[in-house]
Amino acid sequence: MIGLIDYNMGNLRSVTNAFEKLGTRIEIVKDASHVEGYDKIILPGVGAFKDAMACLKEREMDEAVKAFAATKKPLLGICLGMQLLFEASTEFGKTQGLGLIEGEVVKFDTTRFSQHLKVPHMGWNELEVVRDTPLFKGMAPRFYLYFVHSFHVQCDEKYQIGKTTYGYTFASAVQKENIYGFQPHPEKSHENGLAILKNFVEL
Amino acid sequence: MDYFAKRIIPCLDVKNGRVVKGVNFVGLKDAGDPVEIAKRYNEEGADEIAFLDITASHEGRGTIVEIVEKVAREVFIPLTVGGGIRTLEDIYRLLNVGCDKVSINSPAIANPHFIDESSKRFGSQCIVVAIDVKRTNDRWNVFINGGRIDTGIDAINWAKEAADRGAGEILLTSMDCDGAKNGYDLSITSQISSLLDIPVIASGGAGTMEHIKDAFTSGADAALAASIFHFKEIEIMALKHYLKRQGIAVRL
């Protein structure tokens, strides 16, 4: 059974709808003590990093997610949920993250942009596969997904499995062993997104 | 090489649970079931789908929530709902059933603070401010209540204020052009797109593929249209292939 972490940040309906479409059961997890009982968990999220960490801590979900990751069972972070996997974010000062993957979350540096582009990065952009992983099974070398974000992850190349260019190239998908993160929203990315979620189900 | 795609957004004007389409905001024709039409657009390659609820009666308002709930179970692309959204509770109800963004029009003019409140509560990414404009000489005024009332407010100033207050996107509709199929109002689209750091959706006037290309080359990030897609005058995938040949990045 897949568990979807509910920490009061954003709506979970799109994610549950996507898994229902795939014919897979998914449960919303509100109680931190239940996290360890799932085979896989998803950490979703829309909003601000600092608020999200505060909500996770308030529900003791931060420790529960870290303990789950240590069991080596698959964990998928989506959008803000991906960013939370890292050590810290520079959004509103510096906020500590879960620290499951080494790296930082920074705002798009528009001074580095090769052309004038708007922030947030909102819309369909290509993810280029940089490392093969089970989540990309059956996927093209590059494909469109839906993004909505103003911050992105900066981490060692060894964790990057997908990259995207918006003004400059950034890590749009990461993996460290059993821990996966996607900056775009697979649950809002039509068939490509559903294919990634299906691959996650089949891990 | 940049692959960031310009977005094609079919819009469904929904009245009492049915899709309708009028010309210059009046004279409505029935154009079908919103759930079926949304599914069709999704299969044809739409990048997002917008629903504009033009139901007049308060009692009919709940139907848009049910429609979006059904669509969100089948359609995995962003969904935007506009029309009749006045309170944080209205937004919450929609987001909770799988809607991704809401567009706010007249209530934002009546109470600009609503933009601040809603974007703080739900995030700028889901707050679209819809602006209906009409040109008088070299100036565009903001109209409200479905185009019936001239607020006298300058559209460019209002767009700037909406962005400063936390809007994540501007949906800019030219009422002069809407339904006429002679092209978008490129002048105001270009002025507002270049002024703001948030995306601008051009709306009102699409009649040909070239009109949509022109909106993008004028700076729009997305193009919204209704009747040309409803009545299959333009097929979305054919449009995207055309745009690609014109050097515009699209999701294919």
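As the structure is a prediction and not an experimental result, all values here were calculated from the model. Within every chain, numbering begins at 1; the chains are lettered A, B, ... in the order of the sequence lines, protein sequences first and strands thereafter. What you see below is based on every heavy atom in this structure, not just the backbone, and it leaves out hydrogens, waters and symmetry mates.
Of the listed residues B:E74, B:R73, B:E48, the one with more heavy-atom pairs under 4.5 angstrom with chain A than any other is B:R73. Annotation: maximal heavy-atom pairing with chain B below 4.5 Å, among A:P120, A:P186, A:G123, A:A48, occurs at A:G123. Most heavy-atom pairs under 4.5 Å with chain A: of the set B:G98, B:A222, B:G168, B:S124, this distinction falls to B:G98. Between chain B and the options A:H116, A:K21, A:M122, the largest number of non-hydrogen pairs under 4.5 Å is found for A:M122.
More than 12 non-hydrogen atoms from other residues, nucleotides or ligands lie less than 6.0 angstrom from NZ of B:K213. For CZ of A:F113, the number of neighbouring non-hydrogen atoms (other residues, nucleotides, ligands) closer than 6.0 Å is greater than 12. In this structure, B:R121 places its CZ atom where more than 12 heavy-atom neighbours from other residues, nucleotides or ligands lie under 6.0 Å away. Atom CD of A:E36 has 12 or fewer neighbouring heavy atoms from other residues, nucleotides or ligands inside a 6.0 Å radius. More than 12 heavy-atom neighbours from other residues, nucleotides or ligands sit within 6.0 angstrom of CZ on B:R165. Under a cut-off of 6.0 angstrom, the local environment of CD in B:E235 is crowded, with over 12 non-hydrogen atoms contributed by other residues, nucleotides or ligands. Summarising the local packing, CD of A:E102 is surrounded by more than 12 heavy atoms from other residues, nucleotides or ligands at distances under 6.0 Å. Surrounding CD of B:Q246 are more than 12 heavy atoms belonging to other residues, nucleotides or ligands, all under 6.0 Å away.
In this structure a side-chain-to-backbone donor-acceptor pair under 3.5 Å is missing from B:Y3 to A:F143. The backbone N or O of B:P78 lies less than 3.5 Å from no partner atom in the side chain of A:K188, so there is not a single donor-acceptor pair. At least one donor-acceptor pair under 3.5 Å links the side chain of A:W124 to the backbone N or O of B:D47.
The two atoms that bring B:D221 and A:K118 nearest to each other are OD2-NZ, 3.4 Å, heavy atoms only. When all heavy atoms of B:V97 and A:N17 are compared, the pair lying nearest together is O-ND2, 4.5 Å.
Only the side chain of B:D100 has a heavy atom closer than 4.5 Å to any heavy atom of chain A. Contact of B:K101 with chain A is made through the side chain alone, with heavy-atom distances under 4.5 Å. For B:C126, no part lies near chain A; criterion is any non-hydrogen pair under 4.5 Å. Heavy atoms closer than 4.5 Å to chain B are found nowhere in A:H149, neither backbone nor side chain. Interface residue B:R7: only side-chain heavy atoms are found under 4.5 Å from chain A. Looking at A:V148, the atoms closer than 4.5 Å to chain B (heavy atoms on both sides) all sit in the side chain, from C-beta outward.
Of residues 188-197 of chain B, those residues with a non-hydrogen atom less than 4.5 Å from any non-hydrogen atom of chain A are, in numerical order, B:S193, B:L196, B:D197.
Using a 4.0 Å cut-off between a side-chain N of Lys or Arg and a carboxylate O of Asp or Glu, A:E126 and B:R251 do not qualify as a salt bridge.
Contact of the B:F76 side chain with the A:L194 side chain is registered, since non-hydrogen atoms from C-beta on lie closer than 4.5 Å.
Ring planes of A:Y166 and B:F4: perpendicular class, angle over 60° (limits at 30 and 60°).
Interatomic distance, A:S14 OG to B:L95 CG, rounded to the nearest 0.5 Å: 9.0 Å.
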Would you check, one step at a time, whether the test side chain to side chain contact (heavy atoms under 4.5 Å, CB included) holds for A:H190 with B:N42?
CA-CA 8 Å; A:H190 200 229; B:N42 178 49; 2.9 Å; yes
